[in-house]
Amino acid sequence: MSYEPAQPSPEHQPPRPPHRPRYQPRHQRPQPTHRPRYEPPHDPAFLLPWQSSTPAPPPRWPSPPTTPVPAPGHHSDLRRLRAAYRILRRGATLTALGFFTLFLLLSAFAPGLMTHPLGGGLTTGLALGLCQLPVTLLAIALYERTARNTVDPLAAELRRTGGTR
């Protein structure tokens with residue numbers, strides 16, 4: 001009986017790592033005598049979109065319009081649309097930020113009111129803080145409803161008529 005480990009057969013031996021040359025510092029490495037010069041391809045099929053083998057033609061500018069076109073923004077429909085959108089933005093912003101500002105001011109200047117218990121361990125400040133999410137959701141709902149009823153019809157009319165009357 002032999003207690004020597006069995007040698008694996010040659011087909012089951014792990015592969016040997018490839019031979020790695022010893023490290024040579026850069027100044028001792030052989031330098032190439034010449035570097036191949038890169039020549040870009042001249043076949044248009046092998047060019048990238050920003051490369052060209054021939055100069056690009058000069059740009060063609062459109063001729064000025066023969067009839068005067070009103071400047072954008074001076075049309076009454078566009079003014080009405082911008083005004084409706086401005087009112088919509090201000091209303092939604094003031095609703096959400098106004099409630100939050102009220103909450104902050106009450107927290108800073110009326111701590112007695114904010115710590116007043118309402119029952120079940122709930123204080124006025126905590127109740128107002130928990131109401132912030134429903135107030136924000138209400139502002140979003142009002143924004144969508146007002147946009148659907150006022151701004152969207154104006155925009156659809158403007159889109160349908162092409163901005164001219």
Side-chain angles (χ1 to χ4, degrees), residues 23 25-27 29 31-165:
Y23 173 76
R26 184 180 281 276
H27 66 278
R29 293 181 194 161
Q31 295 295 322
T33 56
H34 71 284
R35 290 189 180 204
R37 186 158 188 249
Y38 174 73
E39 293 290 331
H42 294 288
D43 184 8
F46 294 108
L47 294 177
L48 296 173
W50 60 85
Q51 297 174 328
S52 66
S53 56
T54 59
R60 293 184 186 178
W61 301 102
S63 60
T66 56
T67 59
V69 178
H74 297 292
H75 199 271
S76 64
D77 289 340
L78 287 176
R79 271 188 297 219
R80 283 190 1 224
L81 181 63
R82 277 191 306 218
Y85 186 60
R86 188 180 316 116
I87 291 169
L88 181 64
R89 284 189 324 244
R90 287 179 184 164
T93 302
L94 290 177
T95 302
L97 287 181
F99 184 82
F100 185 67
T101 304
L102 175 71
F103 175 74
L104 289 179
L105 290 174
L106 287 175
S107 297
F109 299 112
L113 175 68
M114 297 298 274
T115 57
H116 181 72
L118 294 177
L122 189 66
T123 64
T124 308
L126 187 57
L128 287 175
L130 291 174
C131 286
Q132 182 66 43
L133 181 65
V135 167
T136 304
L137 294 176
L138 178 69
I140 292 171
L142 287 173
Y143 181 93
E144 288 179 349
R145 180 173 161 243
T146 308
R148 197 176 312 114
N149 293 337
T150 59
V151 177
D152 290 349
L154 285 172
E157 175 69 22
L158 198 59
R159 209 176 290 122
R160 186 178 59 77
T161 60
T164 59
R165 281 200 170 199

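Hydrogens, waters and symmetry mates play no part in the numbers below; they use all other heavy atoms, side chains included.
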Residues two or more places apart in sequence or in another chain: which of them pass side-chain contact (heavy atoms from CB on, under 4.5 Å) with [X]?
| X | value |
| --- | --- |
| Ala83 | Arg86 |
| Ser107 | Phe103, Met114 |
| Leu81 | Val151, Leu154, Ala155, Leu158 |

What side-chain donor-acceptor pairs closer than 3.5 Å can you find for residues 143-150, not counting sequence neighbours?
from   : atom 1 : to     : atom 2 : distance (Å)
Thr146 : OG1    : Leu142 : O      : 2.7
Asn149 : ND2    : Arg145 : O      : 3.3
Thr150 : OG1    : Thr146 : O      : 2.6

Show me, pair by pair, the donor-acceptor contacts under 3.5 angstrom made by side chains of residues 115-127, not counting sequence neighbours?
from   : atom 1 : to     : atom 2 : distance (Å)
Thr115 : OG1    : Pro111 : O      : 2.9
Thr115 : OG1    : Gly112 : O      : 3.3
Thr123 : OG1    : Leu126 : N      : 3.2
Thr124 : OG1    : Leu113 : O      : 3.3
Thr124 : OG1    : His116 : O      : 3.2

Just distance, no hydrogens or angles: give the donor-acceptor pairs under 3.5 Å from side chains in residues 93-102, sequence neighbours left out.
from   : atom 1 : to    : atom 2 : distance (Å)
Thr93  : OG1    : Arg89 : O      : 2.8
Thr95  : OG1    : Gly91 : O      : 2.7
Thr101 : OG1    : Leu97 : O      : 2.7

Contact summary for Pro134 and Cys131, nearest pair of heavy atoms:
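Closest heavy-atom pair between Pro134 and Cys131: CD-O, 3.2 Å.
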
